[in-house]
Each structure stands twice: as C-alpha cells, then as structure tokens.
Amino acid sequence: MCKACDARLVVDLLERKRPTPSLGGLGKRARKRVLSGAIGVNPRRRDDIRGAKIVLVDDVLTSGATSDACVRSLKRAGAAQVVIACFSRVLDEARDLV
C-alpha cells in the first residue's frame, strides 16, 4: 500500500487464460490474433477493478498487442482508467532490423 497516494500493488489482477506461443518474429496483427482471449481478469480480483484507476506496468512495449489485450480485459471488467507504464519501448524502425 502506498500511503502517500492511497494506492496498492496488485500483482495477480490479470491472468493468462490459455498458453500462447512466443510472439517473437510476429507482426502486430499476428500478435493480436495470438493474444485474442488469452489474457483475462483474475475472478478473485474482479471487485478490485470496478471503477478503479489502474497503472499497468510492462517491462518492454514491442507492438503493444499484449498491453492492448490487458487494457481491453481491464476495461471490460469495469476499470475507470488504465494507464500503461513501460520501462522500454521497441521502435518500429528497430524491430525491422531484427
């Protein structure tokens, strides 16, 4: 709990509903297709989401497909606002070099 801002760290808000293959080497559309329905809200945390303002922390934002799937699930569950905070961003130009 962050007393200064009345916030909590919740590490099990989302869960993978089914296994997915590695997303490496896939384009944005393929990544979106692979992740469709793969990430959902942890049923035990559903009440924590309704009306909440959520900061979703990601290590690396590549195409945004994973973050988009997470945001969709959180908004469907009733989150008032979802903001993405990431430590690193892979630029489109750099992705084309790999």
Side-chain angles (χ1 to χ4, degrees):
M1 176 73 135
C2 174
K3 293 178 183 178
C5 59
D6 194 32
R8 317 185 270 147
L9 173 64
V10 182
V11 297
D12 63 343
L13 203 58
L14 295 168
E15 60 186 16
R16 192 168 294 271
K17 299 291 187 182
R18 62 176 170 75
T20 57
S22 170
L23 301 179
L26 298 178
K28 186 168 183 155
R29 281 189 199 150
R31 287 172 181 249
K32 184 176 181 177
R33 190 171 36 255
V34 166
L35 289 168
S36 179
I39 298 172
V41 168
N42 180 339
R44 293 183 315 251
R45 296 294 187 184
R46 193 161 291 279
D47 290 340
D48 295 333
I49 296 171
R50 234 172 259 114
K53 293 179 182 177
I54 297 171
V55 176
L56 182 66
V57 180
D58 195 357
D59 56 351
V60 178
L61 185 72
T62 306
S63 70
T66 302
S67 293
D68 288 347
C70 292
V71 170
R72 265 193 308 278
S73 290
L74 291 167
K75 294 294 264 180
R76 247 190 319 245
Q81 181 181 22
V82 181
V83 175
I84 307 290
C86 68
F87 294 99
S88 182
R89 170 71 167 109
V90 177
L91 301 175
D92 290 338
E93 305 84 51
R95 221 180 23 238
D96 293 339
L97 296 174
V98 176

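Each residue takes its place number in the sequence, starting with 1. All heavy atoms count here, side chains included; hydrogens, waters and symmetry mates do not.
- For R18 against S36, the heavy-atom pair with the smallest separation is NH2-O, 2.6 Å.
- Residues satisfying the side chain to side chain contact (heavy atoms under 4.5 Å, CB included) test with A30, not counting sequence neighbours, are L26, R33.
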When the side chains of residues 40-57 are checked against the rest of the protein, which donor-acceptor pairs come out under 3.5 Å, sequence neighbours left out?
| unit_1 | atom_1 | unit_2 | atom_2 | d |
| --- | --- | --- | --- | --- |
| N42 | OD1 | R44 | N | 3.0 |
| N42 | ND2 | D12 | O | 3.0 |
| R45 | NE | D12 | OD1 | 2.8 |
| R45 | NH1 | D48 | OD2 | 3.1 |
| R45 | NH2 | D12 | OD1 | 3.2 |
| D47 | OD1 | R50 | NH1 | 3.0 |
| D48 | OD1 | R8 | NH2 | 3.4 |

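- For the pair R89 (side chain) and T62 (backbone), a donor-acceptor distance under 3.5 Å is present.
- For R31 against A65, the heavy-atom pair with the smallest separation is CB-CB, 3.6 Å.
- Hydrophobic clustering of Ile, Leu, Val, Met, Phe, Trp and Tyr side chains at less than 4.5 Å, counting indirect connections, unites I39 with I84.
- At a threshold of 4.5 Å between side-chain heavy atoms, the hydrophobic network of Ile, Leu, Val, Met, Phe, Trp and Tyr places V34 and L14 in one connected group.
- Screening residues 64-85 for side chain to side chain donor-acceptor pair (under 3.5 Å) gives D58-S67 as the qualifying pairs, with residues at least two apart or on separate chains.
- Within a 6.0 Å sphere centred on CZ of R29, other residues, nucleotides and ligands contribute 12 heavy atoms or fewer.
- Annotation: side-chain hydrogen bond (donor to acceptor under 3.5 Å, both in side chains) contacts of T20 (sequence neighbours excluded): R16.
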